[in-house]
*Asks:* 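First the structure, then my questions, so here it is.
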Amino acid sequence: QVQLVESGGGLVQAGGSLRLSCATSGSIFSIKAMGWYRQAPGKQRELVAVSSGGGRTNYADGVKGRFTISIDHAKNTVYLQMNRLKPEDTAVYYCNAQFTSARSQDGGGRSWYYEYDYWGQGTQVTVSS
């Protein structure tokens, strides 16, 4: 059973930094993508940053230049380095991971693989002004 375990949230003053971690427990074959989302009170969950398994990254406009996402493939862990934090960054941050299985093949030459989508439990980030 695969689980995502997040850590690193907390309370920080505006202008400060935090580093979130999301570790994968259990066996996986391949990372398709890992990312971070956040949800502030009364708002919908939104994408913060995502990285493909190959290293291509995408960021929400409001965090570009301040946040950096990275994946440690040896540990199957994704990080979010958050610098110059603002009060509007306050939210519960959720880790998301998309994994793929090894490819299977039947005697007729057909092959397939499975994709899995997992979410972490969320970690609170609070930025005081």
Side-chain angles (χ1 to χ4, degrees):
Q1 180 72 15
V2 174
Q3 289 185 319
L4 302 180
V5 181
E6 299 155 346
S7 61
L11 173 65
V12 64
Q13 288 188 333
S17 298
L18 283 175
R19 188 192 193 208
L20 304 183
S21 300
C22 175
T24 304
S25 66
S27 178
I28 68 167
F29 178 74
S30 178
I31 296 173
K32 180 180 180 181
M34 298 186 80
W36 292 92
Y37 292 71
R38 67 187 180 188
Q39 187 167 17
K43 295 187 177 181
Q44 290 189 329
R45 189 174 297 189
E46 62 177 3
L47 172 70
V48 177
V50 63
S51 175
S52 70
R56 187 166 59 185
T57 58
N58 188 37
Y59 296 90
D61 287 342
V63 307
K64 286 179 180 177
R66 299 189 297 122
F67 292 8
T68 303
I69 188 170
S70 60
I71 297 175
D72 183 334
H73 288 271
K75 298 179 180 179
N76 291 329
T77 297
V78 62
Y79 303 96
L80 184 68
Q81 177 66 44
M82 304 185 294
N83 298 328
R84 303 197 307 276
L85 282 160
K86 303 176 181 180
E88 51 263 43
D89 294 319
T90 295
V92 178
Y93 283 69
Y94 296 91
C95 172
N96 173 259
Q98 299 171 19
F99 303 131
T100 60
S101 70
R103 187 173 290 274
S104 300
Q105 188 171 5
D106 65 14
R110 291 173 300 184
S111 67
W112 65 91
Y113 64 92
Y114 299 98
E115 293 189 358
Y116 304 90
D117 192 275
Y118 296 95
W119 289 91
Q121 79 284 0
T123 185
Q124 177 70 47
V125 171
T126 303
V127 184
S128 63
S129 57

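Along the sequence shown, residues carry numbers from 1. Given the structure is predicted, the values throughout are model-derived calculations rather than measurements.
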*Asks:* Quick check for you: to the nearest 0.5 Å, what is the distance between Thr24 atom OG1 and Lys75 atom NZ?
*Replies:* 12.5 Å
*Asks:* Which heavy atom of Ser17 sits nearest a heavy atom of Asn83, and at what distance?
*Replies:* OG-OD1, 3.0 Å
*Asks:* Do any N or O atoms from the side chain of Glu6 and from the backbone of Cys95 form a donor-acceptor pair under 3.5 angstrom?
*Replies:* yes
*Asks:* For Gln44, I'd like to know if atom CD has over 12 heavy atoms of other residues, nucleotides or ligands within 6.0 Å.
*Replies:* no
*Asks:* Side-chain contact, heavy-atom cut-off 4.5 Å: Val92 with Thr123?
*Replies:* no
*Asks:* Are Tyr79 and Thr77 packed together at the side-chain level, in the sense that at least one heavy-atom pair is separated by less than 4.5 angstrom?
*Replies:* yes
*Asks:* Between Glu88 and Thr90, do the side chains contain a donor N or O and an acceptor N or O under 3.5 Å apart?
*Replies:* no
*Asks:* Taking Arg45 for the side chain and Ala40 for the main chain, is one N or O donor matched with an acceptor at less than 3.5 Å?
*Replies:* no
*Asks:* List the atom of Cys22, the atom of Met34, and the distance in Å for their closest heavy-atom pair.
*Replies:* O-CE, 4.4 Å
*Asks:* Could you check whether any side-chain heavy atom of Phe99 comes within less than 4.5 Å of a side-chain heavy atom of Asp117, counting everything from C-beta outward?
*Replies:* no
*Asks:* Decide salt bridge (Lys or Arg N to Asp or Glu O under 4.0 Å) for Asp89 and Lys86; before the verdict, give the C-alpha distance in whole Å, the side-chain angles of both, and the deciding distance to 0.1 Å.
*Replies:* CA-CA 5 Å; Asp89 294 319; Lys86 303 176 181 180; over 6 Å; no
*Asks:* Do Val78 and Ser70 have side chains that approach each other closer than 4.5 Å (heavy atoms only, starting at C-beta)?
*Replies:* no
*Asks:* If I compare all heavy atoms of Ser129 with all of Ala14, which pair ends up nearest, and what's the gap?
*Replies:* CA-CB, 4.4 Å
*Asks:* How close do Val125 and Leu20 get, counting heavy atoms only, and between which atoms?
*Replies:* CG2-CD2, 4.1 Å
*Asks:* So, does Ser51 use its side chain to make a donor-acceptor pair with the main chain of Thr57 at under 3.5 Å?
*Replies:* no
*Asks:* Is there a path from Val127 to Tyr94 through hydrophobic residues (I, L, V, M, F, W, Y) whose side chains come within less than 4.5 Å of each other?
*Replies:* no
*Asks:* Out of Leu80, Val50, Val63, which one pairs with Trp36 under the side chain to side chain contact (heavy atoms under 4.5 Å, CB included) rule?
*Replies:* Leu80
*Asks:* Checking side chain to side chain contact (heavy atoms under 4.5 Å, CB included) for the pair Leu47/Asn58: CA distance, chi angles, key distance, verdict?
*Replies:* CA-CA 9 Å; Leu47 172 70; Asn58 188 37; 4.1 Å; yes
*Asks:* Roughly how far apart are Ser128 OG and Leu85 CG, rounded to 0.5 Å?
*Replies:* 10.0 Å
*Asks:* Asp106 and Trp112: which non-hydrogen atoms are nearest, and at how many Å?
*Replies:* N-CZ3, 3.8 Å
*Asks:* Decide yes or no for Lys32 and Glu115: does some side-chain heavy atom of the first lie under 4.5 Å from some side-chain heavy atom of the second?
*Replies:* yes
*Asks:* Quick one: are the ring centres of Tyr37 and Trp119 less than 6.0 Å apart?
*Replies:* yes
*Asks:* Once the angle between the rings of Tyr116 and Tyr114 is folded into 0 to 90°, is it parallel (under 30°), tilted (30 to 60°) or perpendicular (over 60°)?
*Replies:* tilted
*Asks:* Is there a side-chain contact between Tyr93 and Met82 (heavy atoms, below 4.5 Å)?
*Replies:* yes
*Asks:* Checking Arg38 side chain against Ala91 main chain: does a donor-acceptor pair fall under 3.5 Å?
*Replies:* no
*Asks:* Mind listing the closest non-hydrogen atom pair of Ser27 and Val2 along with its distance?
*Replies:* O-CG2, 3.6 Å
*Asks:* Is the side chain of His73 donor-acceptor paired with the backbone N or O of Ser30 at a distance under 3.5 Å, no angle test?
*Replies:* no
*Asks:* Are side-chain heavy atoms of Ile31 and Ile71 found at a separation under 4.5 Å?
*Replies:* yes
